Protein chains: 2
Amino acid sequence: MRLADLSKRSGVSTATIKYYLREGLLPPGRQINATTAEYDEDHLRRLRLVRALIQVGKVPVAAAREVLGHVDDDSLGRTVRLGAALWALPQEAEPDEADPAVAAARVEVDRLLELLGWETSREMAPLSPVHRSLVVAVAALRRLDYPWDAELMAPYGALMMEVARRDLDFMESHASEAEQVELAVAAAVLFQPVLRALHRLAQEEESARRYGIE
Amino acid sequence: MRLADLSKRSGVSTATIKYYLREGLLPPGRQINATTAEYDEDHLRRLRLVRALIQVGKVPVAAAREVLGHVDDDSLGRTVRLGAALWALPQEAEPDEADPAVAAARVEVDRLLELLGWETSREMAPLSPVHRSLVVAVAALRRLDYPWDAELMAPYGALMMEVARRDLDFMESHASEAEQVELAVAAAVLFQPVLRALHRLAQEEESARRYGIE
DNA sequence: CTGCTTGGATAGTGGCGCTATCCGAAGGAG
DNA sequence: CTCCTTCGGATAGCGCCACTATCCAAGCAG
């Protein structure tokens, strides 16, 4: 398969594919001679993943490169590999430690993890960008006078744990460890739009049920 | 409160506030004379909401303006107002109708709504950008060989319905109808980062439990 | 009056995801 | 062999967007 074929089968322009090659999102093809390179089904699969991350998941190109780097790093164990990939995804900006809403949010998030019994997350807390993102997001809500505390958040956490269990169950039904990590990353990134759309639909549905269309 | 005070209390630069005023995200202050305008607590509250939408929720400025316009439109009933605001939020791009993955996704989404008994959403389906976004997101997953069908999605839908019910319960504990719609929009937009962070934390936690840290 | 601050208008900046153009080499048609 | 298209790589540029820097005339304090 040559670059033009890869373009046709993926629906991505050759110019964009070249850009992804340049940016290291896609491994180079097997060079046949000075003007021809050969690509295979793996390239096509990777290209589709890249497109999905960038277009549907809105992951910036630089972050996608880093995430894929961790996914491909088979020197790491499964959990570490998944963790590294998830940590490379775009996160909220650094919290302003002087902000009292941030301090309050941190306390509530710590209590939340205790309530939920998420021991690994508690241990990782000081390092984890995901944990930090949660603190920032909760602080933003509290600044708008949402009295969000651990007790209010716990049910959401339990729901997300159930979602995560389904993700990993599905993941386990797939072949290689590398492919499994890839699936988990895709789950983390691409389920977002699905969950968001389901959430909004559910809001509309429930609002219509409670208050009618008026 | 003058512009400079508004800036100090919100932590947003005067240049950026002027930009928001120009873009119509913030109603103009009460003009005292040619060089002074007076702002009040409502302006501060609205500014904080705008900042949260844009920075935490990543809502583009143009979309935020439209959303806030619907929130402020008290000629509409509650459900319609919420619907209009949610529909103005950024959505996935138009689906490529020629793509077989899109057609398959549409079938599965329709079956999903039937399974869940979301009648209002089924009626609104041809019009709703939220519905369309769901189709696009599911199509993206199917293109990556996720065999996502209605039966697999239904539990996620049920979970999101539970989340939405909690949102609206919380919303009802608040005062005015305008404020309620504002809260629901904030819920739709700002819970996203919270759910995302909880989802990722849950994935890490469950992965560590199943496979250890290695 | 002097000198600083105010709010409004306008043009400019920086980052990012592409995209258009140019180039020399390769390969098929005649 | 020549002609002409097509190939892939390199480079510069484009369009969008969220700000941001600059300028200006009008006011206000001392």
Side-chain angles (χ1 to χ4, degrees), chain A residues 1-40 43-44 47-68 88-90 92-93 189, chain B residues 1-40 43-44 47-68 88-90 92-93 189:
Chain A
M1 208 187 333
R2 292 188 293 181
L3 199 153
D5 303 316
L6 195 58
S7 166
K8 252 174 224 127
R9 287 189 54 190
S10 64
V12 180
S13 77
T14 58
T16 300
I17 294 176
K18 288 194 219 177
Y19 169 63
Y20 290 159
L21 286 167
R22 239 178 299 139
E23 292 297 318
L25 298 186
L26 215 52
R30 195 169 50 86
Q31 200 73 21
I32 292 185
N33 58 43
T35 70
T36 315
E38 176 77 11
Y39 301 90
D40 56 25
H43 284 94
L44 182 58
L47 177 56
R48 282 207 250 255
L49 176 62
V50 166
R51 271 262 119 173
L53 287 182
I54 290 176
Q55 288 208 317
V56 183
K58 317 275 191 228
V59 178
V61 166
R65 173 178 45 227
E66 205 174 332
V67 169
L68 293 172
L89 287 172
E92 304 299 332
V189 172
Chain B
M1 209 188 332
R2 293 190 291 183
L3 199 153
D5 303 315
L6 194 59
S7 166
K8 250 172 227 131
R9 288 190 54 191
S10 64
V12 181
S13 77
T14 59
T16 300
I17 295 177
K18 287 193 217 177
Y19 168 64
Y20 291 160
L21 286 167
R22 240 177 299 138
E23 294 296 319
L25 298 187
L26 214 52
R30 196 169 51 85
Q31 199 73 22
I32 292 183
N33 60 41
T35 69
T36 315
E38 175 77 11
Y39 301 90
D40 57 23
H43 284 94
L44 183 57
L47 178 54
R48 283 206 248 256
L49 176 62
V50 166
R51 271 264 119 172
L53 287 181
I54 290 176
Q55 289 209 319
V56 183
K58 316 275 189 231
V59 178
V61 166
R65 174 177 47 228
E66 205 173 332
V67 170
L68 293 172
L89 287 172
E92 303 298 332
V189 172

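Residue numbers start from 1 in every chain, and the chains themselves are labelled A, B, ... in the order their sequence lines are given, proteins ahead of strands. Bear in mind the structure is a predicted one, so any value in this text is a computation, not a measurement.
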Enquirer: Which whole-number value in Å describes the distance from A/Leu3 CG to D/dG9 P?
Expert: 7 Å

Enquirer: Is any side-chain nitrogen or oxygen of B/Thr16 closer than 4.0 Å to OP1 or OP2 of D/dA18?
Expert: no

Enquirer: Taking the side chain as C-beta and beyond, is there a heavy-atom pair between A/Arg30 and A/Asp40 under 4.5 Å?
Expert: no

Enquirer: In whole Å, what is the span from the CG atom of A/Leu26 to the C1' atom of C/dG17?
Expert: 16 Å

Enquirer: Distance check needed: D/dC7 P versus A/Glu38 CD, whole Å only.
Expert: 13 Å

Enquirer: Base, sugar-phosphate alone, or nothing: which one does A/Arg51 contact when heavy atoms must sit under 4.0 Å apart?
Expert: sugar-phosphate

Enquirer: Could you tell me how far apart B/Glu23 (CD) and C/dA9 (P) are, to the nearest whole angstrom?
Expert: 13 Å

Enquirer: Tell me the interatomic distance from B/Leu53, atom CG, to D/dA18, atom P, rounded to whole angstroms.
Expert: 12 Å

Enquirer: Donor-acceptor pair, distance only, cut-off 3.5 Å: does the side chain of B/Asp5 make one with the backbone of B/Lys8?
Expert: no

Enquirer: Counting only side-chain nitrogens and oxygens, does A/Gln31 get under 4.0 Å of the OP1 or OP2 atom of D/dG8?
Expert: no

Enquirer: I'd like to know if the side chain of A/Arg65 and the backbone of A/Glu23 have a donor-acceptor N/O pair within less than 3.5 Å.
Expert: yes

Enquirer: Between C/dG8, C/dC18, D/dC7, which nucleotide gets closest to the side-chain atoms of B/Leu21?
Expert: C/dG8

Enquirer: For A/Ala15 and for A/Ile32, locate the closest nucleotide of DNA chain C by heavy-atom distance; then report the residue assigned to the nucleotide nearer the 5' terminus.
Expert: A/Ala15

Enquirer: Mapping B/Lys18 and B/Ile54 to their closest nucleotides on DNA chain D, which lands nearer the 5' end?
Expert: B/Ile54

Enquirer: Give the intermediate values and the outcome of side chain to side chain contact (heavy atoms under 4.5 Å, CB included) for residues A/Leu25 and A/Leu53.
Expert: CA-CA 11 Å; A/Leu25 298 186; A/Leu53 287 182; over 6 Å; no

Enquirer: Among C/dG7, D/dC19, D/dT11, which nucleotide sits nearest the side chain of A/Arg22?
Expert: D/dT11

Enquirer: Using a cut-off of strictly less than 4.0 Å, decide whether A/Tyr20 has a side-chain nitrogen or oxygen near OP1 or OP2 of C/dC18.
Expert: yes

Enquirer: Quick one: A/Leu6 CG to D/dT6 P, roughly how many Å, whole number?
Expert: 19 Å

Enquirer: Is a donor on one side and an acceptor on the other found under 3.5 Å between the side chain of A/Glu38 and the backbone of A/Met1?
Expert: yes

Enquirer: If I take atom NZ in residue A/Lys58 and atom P in nucleotide C/dC16, what distance separates them, rounded to the nearest angstrom?
Expert: 17 Å

Enquirer: Would you indicate which nucleotide in D/dA10, C/dG7, C/dT19 comes nearest to any side-chain atom of B/Arg2?
Expert: C/dG7

Enquirer: Below the 4.0 Å mark, does C/dG27 have OP1 or OP2 next to a side-chain nitrogen or oxygen of A/Asn33?
Expert: yes

Enquirer: Which of these nucleotides, D/dA18, C/dT19, D/dG9, is closest to any side-chain atom of B/Tyr19?
Expert: D/dA18

